Visitor: 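One structure is given below, represented as structure tokens, and several questions about it will come after.
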Number of protein chains: 2
Amino acid sequence: MVGVRINHHQLARAMKASDIDLLLILLVVNLIKNLGHRYGSVIDAVSVAAKFAVYLTYLEEGKNLRRTGFLHHVEPRRVKEIVGEFEDLVQRGEPLHLLGSIEPSYLIGFSYIWLEKFPMQGDESRLKLFNLTASERLIVEASIAANLPKCLAIREDQMYSLIEELHGKSQDSLPLEKRTVFSDALAEHAKFRLLESGTVQEIKLNPKLSAYILAKTDYSPRDRQARIHTMIQDLTRYFEGMYAWVDEDPEVMRGIETLGVLPEQKDAAFQELDQLVRDWADKYHSEAATQQIALQFLISRHVDVLKI
Amino acid sequence: MVGVRINHHQLARAMKASDIDLLLILLVVNLIKNLGHRYGSVIDAVSVAAKFAVYLTYLEEGKNLRRTGFLHHVEPRRVKEIVGEFEDLVQRGEPLHLLGSIEPSYLIGFSYIWLEKFPMQGDESRLKLFNLTASERLIVEASIAANLPKCLAIREDQMYSLIEELHGKSQDSLPLEKRTVFSDALAEHAKFRLLESGTVQEIKLNPKLSAYILAKTDYSPRDRQARIHTMIQDLTRYFEGMYAWVDEDPEVMRGIETLGVLPEQKDAAFQELDQLVRDWADKYHSEAATQQIALQFLISRHVDVLKI
DNA sequence: GCGTGGCATTAAGCCCCTCAA
DNA sequence: TTGAGGGGCTTAATGCCACGC
């Protein structure tokens with residue numbers, strides 16, 4: 001049972017979640033489970049977004065606390081607090097901060113700090129910090145994959161120190177009120193996340209002592225990070241475009257085609273579409289144009305909603 | 001100042017929100033401001049999604065409360081509560097409910113209940129329920145748009161009754177624990193939302209008395225609703241496709257082209273693309289194929305991120 | 001390791017009321 | 001009406017410690 005991967009979207013559908021609910025689930029569940037954000041920080045992030053909505057309405061409604069409160073079902077007193085928070089931000093030129101980054105900031109850069117604090121010089125043993133006999137060391141080293149980042153294996157308490165330092169750094173960029181104290185619980189959470197993502201590996205030397213090694217130089221691999229970034233940007237653009245489409249903006253065109261494709265024709269179809277789009281863009285592109293447009297497209301498996 | 005429309009995305013960008021934060025803002029702010037969901041219900045909805053993530057991890061990790069807690073930074077005891085909630089849902093076959101519907105359920109169908117409770121028979125006056133002299137009535141009626149739904153104008157207290165009944169109905173579909181009591185504050189919120197969306201109009205008869213008329217048969221116009229629905233579905237599909245793309249799924253192809261287009265060529269370009277895509281789909285479509293694919297595309301204004 | 005229990009703090013989402021400008 | 005108070009309830013996010021298995 002352990003390690004079974006559950007398709008949250010399918011389970012949610014089976015539980016008869018509505019369309020909008022599926023969208024929320026898709027976003028939130030991935031933030032938490034795949035990207036590794038803390039449960040609480042996602043809740044907080046959304047709460048900031050919701051407060052932002054309140055602040056905007058407040059501005060749009062002529063700074064009327066009561067009316068804003070009615071429109072969103074929030075107490076005027078609370079509206080006032082919220083407005084205060086945002087005016088403060090604007091005043092001090094501080095950035096609007098929800099999650100801040102796609103992956104948890106206190107885990108990003110974990111490898112750098114490790115490499116910085118515990119570098120592995122030349123051909124010294126990775127297990128330098130542990131008192132092992134030569135034969136013990138050889139046995140352990142044999143069980144470690146090759147091509148690992150050049151830094152030393154460390155003890156649990158040293159890893160906690162690294163995490164604490166990282167947490168401290170990530171807090172520096174936050175306004176004073178938003179900072180959260182470091183706690184054992186948080187440290188342990190981070191350790192689990194690092195292990196789970198494969199960034200760190202634990203090697204049990206004996207029942208009481210483990211060595212921790214850095215297994216990857218990033219919380220996520222570089223190219224995957226880049227792809228996730230692209231995904232977020234595409235999604236945001238798509239979101240905005242679709243909002244405009246809902247309002248029947250004539251500058252926006254939306255379309256969808258579903259079709260059955262034979263496996264052996266798939267690659268040809270993909271390639272041809274790519275070429276068609278490229279040619280189309282070349283044909284209509286004009287350097288003289290002031291208006292830039294973007295054409296996004298995506299081919300993916302089509303799952304007939306009714307069939308599920 | 002009142003009624004000024006603020007582009008939340010631009011303001012958020014100006015406040016240096018990160019990419020992922022912009023995405024969250026786009027979603028949450030629109031749920032609250034444009035679709036009219038209560039502040040609290042959006043928070044709750046996300047909280048349910050987050051709890052769903054916890055539940056999924058719990059299942060995937062072999063029903064290990066503690067480990068699940070560490071992975072998401074939630075106390076094991078809380079994990080247990082959350083798991084209990086979901087097992088209950090599954091057990092009783094109850095649907096997973098976050099927002100439930102794209103627009104607030106207690107406002108959808110407002111016009112139906114009005115038409116049902118206060119229908120306007122034949123050629124009787126819309127203001128039947130108000131004691132007005134013939135001339136007063138004519139003056140007021142002249143100020144009302146033609147072609148309104150055939151139902152009577154009502155008093156404020158009657159509108160509150162309608163809202164209460166509607167709230168009651170929407171609660172029926174919820175499990176017992178999730179129900180919220182009706183309150184004056186909630187009623188007033190609904191009233192403001194109805195007025196703001198233009199579903200209901202207020203006509204001041206005198207300083208102490210207002211008549212309320214139903215100005216539209218829907219909280220949102222039908223075709224707009226349909227578009228919003230399409231948007232949510234497209235977004236969800238796009239989301240899923242992009243997630244697969246991140247994992248380098250070979251069945252997924254993602255692309256984007258940006259170009260400058262002269263206004264006079266825009267329509268031709270749009271039409272040609274439409275045709276190209278159609279032809280491409282026809283060419284590769286095979287009835288024999290078991291695998292269905294979907295090609296989504298969207299043209300929208302391209303805003304260079306760097307320029308903002 | 002894991003489940004379970006106790007104990008504590010703080011914020012915030014809710015409700016209602018009054019009074020002065 | 002709107003802003004500004006006051007008062008109160010309840011949930012839940014977050015922390016810590018400890019016991020028994």
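It should be emphasised that the depicted structure is a prediction, and the values quoted were computed from it without experimental measurement. Labels below follow one simple rule: chain letters A, B, ... track the order of the sequence lines, proteins then strands, and each chain is numbered from 1. Values below: all heavy atoms of this structure, side chains included; hydrogens, waters and symmetry mates excluded.
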Visitor: With sequence neighbours left out, what residues match B:H167 under ring-ring contact (aromatic ring centres under 6.0 Å, His included)?
Guide: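 Once residues adjacent in sequence are excluded, the partners of B:H167 under the ring-ring contact (aromatic ring centres under 6.0 Å, His included) criterion are B:F182.
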Visitor: Holding to ring-ring contact (aromatic ring centres under 6.0 Å, His included), I want the full list of residues that pass it with B:Y219, two or more places apart in sequence or in another chain.
Guide: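 By the ring-ring contact (aromatic ring centres under 6.0 Å, His included) rule, B:Y219 matches no residue at all.
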Visitor: Restricting to pairs with a member in residues 89-100 of chain A, which pass salt bridge (charged side-chain N to carboxylate O under 4.0 Å, His left out), not counting sequence neighbours?
Guide: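 Listed by first then second residue: A:D88-A:R92, A:R92-A:E94, A:R92-A:E177.
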Visitor: Give me the first and last nucleotide of DNA chain D, going 5' to 3', that has any atom under 4.0 Å from a heavy atom of chain A.
Guide: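 The contact span of chain A on DNA chain D goes from D:dT2 to D:dC16.
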Visitor: Could you state the atom-to-atom distance from CZ of B:R179 to C1' of C:dC15 in whole Å?
Guide: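 The answer, rounded to whole Å, is 20 Å.
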Visitor: Contact list please: residues 30-53 of chain A against DNA chain D, heavy atoms, distance less than 4.0 Å, in numerical order.
Guide: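 Hits under 4.0 Å, by residue number: A:R38, A:Y39, A:G40.
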Visitor: Partners of B:F192 by ring-ring contact (aromatic ring centres under 6.0 Å, His included), sequence neighbours excluded?
Guide: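 With neighbours one apart ignored, the set is A:F70.
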Visitor: When you check the phosphate oxygens OP1 and OP2 of C:dG13, does a side-chain N or O of A:H72 lie under 4.0 Å from one of them?
Guide: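 Checking C:dG13 against A:H72, no side-chain N or O comes under 4.0 Å of OP1 or OP2.
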Visitor: Give every donor-acceptor pair under 3.5 Å between a side-chain atom in residues 45-54 of chain B and any protein atom, sequence neighbours left out.
Guide:
unit_1 : atom_1 : unit_2 : atom_2 : d
B:K51  : NZ     : B:E85  : OE1    : 3.0
B:K51  : NZ     : B:E85  : OE2    : 3.4

Visitor: Excluding sequence neighbours, so at least two apart, what forms side chain to side chain donor-acceptor pair (under 3.5 Å) with A:S18?
Guide: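 Checked A:S18 against side chain to side chain donor-acceptor pair (under 3.5 Å); matches are A:D21.
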Visitor: I want to confirm an ordering. Mapping B:R78 and A:Y58 to their closest nucleotides on DNA chain D, which one lands closer to the 5' end?
Guide: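 First, find each residue's nearest nucleotide; the 5'-ward one identifies A:Y58.
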Visitor: Under the ring-ring contact (aromatic ring centres under 6.0 Å, His included) rule, collect the residues that match up with B:F110, sequence neighbours excluded.
Guide: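 Testing B:F110 for ring-ring contact (aromatic ring centres under 6.0 Å, His included), a comparison that skips the adjacent residues, returns B:W114.
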Visitor: Could you tell me how far apart B:E81 (CD) and C:dG3 (P) are, to the nearest whole angstrom?
Guide: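 To the nearest whole Å, that distance equals 15 Å.
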Visitor: For B:Y55 and A:H8, test the side chains for any donor-to-acceptor distance below 3.5 angstrom and give the result as yes or no.
Guide: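 Result is no, nothing qualifies.
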Visitor: Which comes earlier along DNA chain D counting from the 5' end, the contact point of A:R67 or that of A:V181, where each point is its nearest nucleotide?
Guide: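 The 5'-side residue here is A:R67.
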Visitor: Taking only side-chain N and O atoms of B:N64, does any of them lie within less than 4.0 angstrom of OP1 or OP2 on C:dG1?
Guide: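 So the side-chain polar atoms of B:N64 never come under 4.0 Å of the phosphate oxygens OP1 or OP2 of C:dG1.
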Visitor: Would you classify B:K208 as touching base, sugar-phosphate or nothing, given that sugar-phosphate means primed atoms plus P, OP1 and OP2, and contacts are heavy atoms under 4.0 Å?
Guide: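 No contact.
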Visitor: Base, backbone or nothing for each nucleotide of nucleotides 16-21 of chain C, written B, S, -, heavy atoms under 4.0 angstrom, 5' to 3'?
Guide: B-----
Visitor: Please report, to 0.1 Å, the donor-acceptor pairs under 3.5 Å made by any side chain of residues 71-80 of chain B, with sequence neighbours excluded.
Guide:
unit_1 : atom_1 : unit_2 : atom_2 : d
B:H72  : NE2    : B:T57  : OG1    : 2.6
B:H73  : ND1    : A:R38  : NH1    : 2.7
B:R78  : NH1    : B:E81  : OE1    : 3.0

Visitor: Under the salt bridge (charged side-chain N to carboxylate O under 4.0 Å, His left out) rule, what pairs show up with a residue in residues 159-170 of chain B, not counting sequence neighbours?
Guide: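 Every pair satisfying salt bridge (charged side-chain N to carboxylate O under 4.0 Å, His left out) with a residue in residues 159-170 of chain B: B:K117-B:E165.
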Visitor: Quick check: closest heavy atoms across B:A190 and B:I163, and the distance to 0.1 Å?
Guide: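 Between these two residues, the closest heavy atoms are CB-CG2, 3.7 Å.
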